[in-house]
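These values consider heavy atoms only, across backbone and side chains, with no hydrogens, waters or symmetry-generated copies.
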Amino acid sequence: MIQFELPHSFGDYTLVAYLGTTRGGVLYQGIQQGMDRSVFLEIFDEDNPLGVPLDDFLAEARVRAGMNVPVLGAVYEAAQAEGLWFITSEYLPGQSLQAMADKGETLGVREFLKVIDSVAKLCDRFDTKGILFDVLPASLIFVTDKGNVRMYNTSLSGQWTPEPSNSQMIALGYMLAQVVPTQGVAGATRMATFAEWMMQGKSGNLKSWEQVLETGEYLREQLGLVPKVTTHRYTVPTEPASPMKKWGIIGAAAVAVIVGVCVVLTNGAGEGGASATVKDERPARYPDFSRSDHNEVLLSVPNVGQIYVGAHEVTIEAYHNFLKQWGKMMPERKEKFSHPDQPDKLSATHKPKDWEAMLRAARKNGTWQGKPITMRSPVMNITWWDAYAFASWKPVAPNTPHYRLPTMEEWQGIAAQMKHEAGDKTTAIDQYCRDYDWDTGICGMASGVMEWTSTIAKNPARLKEPAGVVVCGGDRDNPGVKDRVQYLMNKDECRPNLGFRLVRDKK
């Protein structure tokens, strides 16, 4: 499988987030340099599991580019970079259904019905015109703050068959079951029942998209969202299914989607069913950063305001890519990204102490200094100068604030919002389960590594000593301690339990 260490320069684009595999390749979020826009960037993989040939991959690009359907993202170009063919398309606004489920968020009844209408009309259009398509997963259906729905274009070349449409109905019902509000919200019971019907169909039979649209219109009338002026053949009962029946149906639908749809976009962790509904039991969830935007979260920090916060510490994988780029830089660019006070800014390599051994162990999923380590582990043995240079170098979209280290106040304000971080002894960011705050999507503040900040201050307990650089948080040997603070006298100090995460200001 084609996979890069991110961020990665790719032709005129910078790849910033891995989103999953597609029918014929790999999907990334990219930033088009020179234009202030993000894009979906799908790269053809000649070793794709389904054996899709390049001609079919490019034919699908032509099919998608020829469609004028406002609800679908526009296709921009098919081109080559680094010897690989790729397709770029519009990066859609809003939040995906998968992201909502992961955060425990729900849809209002109007948005719920708008999603159903949009998918139903699109599938009905495909079926009527005989267009083959790939089943849309929850990660590629987006809802904006204003309730508008947009979808990634998954139309294909080839002979139309009814299977994708049937599978899409089951999949959509399952997706919506994860974002239905709890009891007590007007329309919640009917929404849950509607989602069940889509998964199983009335009396166990799949409904047509025409029936789905008519049922949605009837539900609007039941809830007083539109005038009651029509008579409907299909209605939604007010009594919900029993809890055992409800979750049995959801489980069956999940199996049907997994087994029956081999062309759906896949993405590993976070796609499960029941885990998205569990809020208060441990261990229940592991972080899934593959769909996040640059692996960062927008938070409101007291006395600071809104800032984007790294969802996890900077990893060995990301830092390795930085070192490769640093080694190719001309001296003037190295000086640009280095802190003005760094004594050896032109000669510094920014390689952490024992870097080769750390990298070698991480690549083999081995051990380093007696601890398991992977490329997804936080980078360690980092000096303050190293962290500053990485933050200055990390690419951003045009006219966007640059990355930086958090202040002590920001770091502690973020940590104070963590409700589910009990601390973990693992060192891989995607293996945290007791160091992952479900509500914010942030992990690693109570374990992993301690983290550099930009604050220089005196230790209140030792006021006679000079000011030091503040580091915060727990580590793998002292998990569960978010409020730990240390004052380091030397910016060159590096330790096996010391790394960093980044923040950036909101525009």
Side-chain angles (χ1 to χ4, degrees), residues 1-8 18 267-270 282-290 295 310-327 348-387 389-390 418 420-437 442-452 471-482 484 486 488 490 492-502:
M1 182 179 70
I2 297 171
Q3 195 160 358
F4 301 102
E5 293 160 352
L6 302 179
H8 177 78
Y18 169 75
N267 206 9
R282 288 195 175 276
R285 291 193 194 173
Y286 292 83
D288 178 12
F289 305 112
S290 55
N295 292 359
H312 55 78
E313 307 99 318
V314 172
T315 63
I316 294 173
E317 181 179 43
Y319 198 81
H320 178 49
N321 184 60
F322 160 67
L323 290 181
K324 290 194 297 184
Q325 299 294 324
W326 189 267
T349 66
H350 291 294
K351 285 187 178 181
K353 182 180 178 181
D354 203 28
W355 171 247
E356 285 74 16
M358 186 194 310
L359 181 62
R360 185 166 55 250
R363 282 173 163 167
K364 296 179 179 178
N365 293 342
T367 59
W368 179 74
Q369 298 205 354
K371 302 287 185 179
I373 191 173
T374 76
M375 294 295 285
R376 300 284 282 168
S377 295
V379 66
M380 294 163 275
N381 273 350
I382 291 293
T383 70
W384 190 89
W385 309 115
D386 297 335
F390 181 98
M418 306 295 104
H420 305 294
E421 287 202 330
D424 232 318
K425 290 193 174 184
T426 181
T427 57
I429 62 166
D430 39 16
Q431 293 175 15
Y432 293 134
C433 65
R434 297 181 61 81
D435 195 7
Y436 173 42
D437 185 73
I442 292 176
C443 73
M445 301 194 83
S447 51
V449 292
M450 295 193 75
E451 300 174 19
W452 286 106
V471 297
C472 296
D475 61 44
R476 62 189 184 184
D477 294 321
N478 300 280
V481 188
K482 292 183 298 188
R484 184 167 57 152
Q486 294 181 359
L488 305 187
N490 192 338
D492 287 313
E493 184 163 348
C494 62
R495 305 188 313 211
N497 72 335
L498 185 55
F500 68 107
R501 83 175 63 221
L502 300 180

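For the residue pair Lys353 and Cys494, the shortest heavy atom distance occurs at CB-SG, 4.0 Å. In plain terms, the two heavy atoms of Ala387 and Trp452 that are nearest each other are CB-CD1, 4.4 Å. Counting all heavy atoms, side chain and backbone alike, Trp326 lies closest to Thr349 at CD1-O, 3.8 Å. Residue His312 comes nearest to Cys443 through the heavy atom pair CB-SG, 3.8 Å, listed as atom of the first residue, atom of the second, then distance. Taking every heavy atom of both residues into account, Val449 and Pro378 meet most closely at CG2-CB, 3.8 Å.
The side-chain hydrogen bond (donor to acceptor under 3.5 Å, both in side chains) search around Asn497 returns Asp475, Arg495, not counting sequence neighbours. The side-chain hydrogen bond (donor to acceptor under 3.5 Å, both in side chains) search around Trp368 returns Asp354, not counting sequence neighbours. For Lys324, the salt bridge (Lys or Arg N to Asp or Glu O under 4.0 Å) criterion is met by Glu5, not counting sequence neighbours. Scored by the side-chain hydrogen bond (donor to acceptor under 3.5 Å, both in side chains) test, Trp385 finds Asp492 as partners (sequence neighbours excluded). For the side-chain hydrogen bond (donor to acceptor under 3.5 Å, both in side chains) test, residues two or more places apart in sequence or in another chain that qualify with Thr383 are Asp386. Every residue two or more places apart in sequence or in another chain that forms a ring-ring contact (aromatic ring centres under 6.0 Å, His included) with His8 is listed here: Phe4. With sequence neighbours excluded, the residues that form a salt bridge (Lys or Arg N to Asp or Glu O under 4.0 Å) with Lys351 are Glu356. Under the ring-ring contact (aromatic ring centres under 6.0 Å, His included) criterion, Phe500 pairs with Phe390, not counting sequence neighbours.
The CE atom of Met445 lies 11.5 Å from the CE atom of Met450; values are rounded to the nearest 0.5 Å. Atom CG of residue Leu359 and atom CD of residue Glu317 lie 11.0 Å apart, to the nearest 0.5 angstrom. Atom CZ of Arg501 is separated from atom OG1 of Thr315 by 12.0 Å, given to the nearest 0.5 angstrom. Between Met358 atom CE and Met375 atom CE the span is 11.0 Å, to the nearest 0.5 Å. Atom CD1 in Ile373 sits 12.0 Å away from atom CZ in Arg363 (nearest 0.5 Å).
With hydrogens and angles disregarded, no donor-acceptor distance shorter than 3.5 Å links the side chain of Arg476 to the backbone of Gly448.
Between His350 and Phe322, the ring planes lie tilted relative to each other; the angle falls in the 30° to 60° range.
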Next on the checklist: Working note: Lys371 + Met380, criterion side chain to side chain contact (heavy atoms under 4.5 Å, CB included); need CA distance, chi angles, decisive distance, verdict.
Outcome noted: CA-CA 12 Å; Lys371 302 287 185 179; Met380 294 163 275; over 6 Å; no
Next on the checklist: Leu488 vs Trp384, test: side chain to side chain contact (heavy atoms under 4.5 Å, CB included). Steps then yes/no.
Outcome noted: CA-CA 10 Å; Leu488 305 187; Trp384 190 89; over 6 Å; no
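Screening Leu498, Ile316, Ile382 for a side-chain contact (heavy atoms from CB on, under 4.5 Å) with Pro352, the sole residue that qualifies is Ile382.
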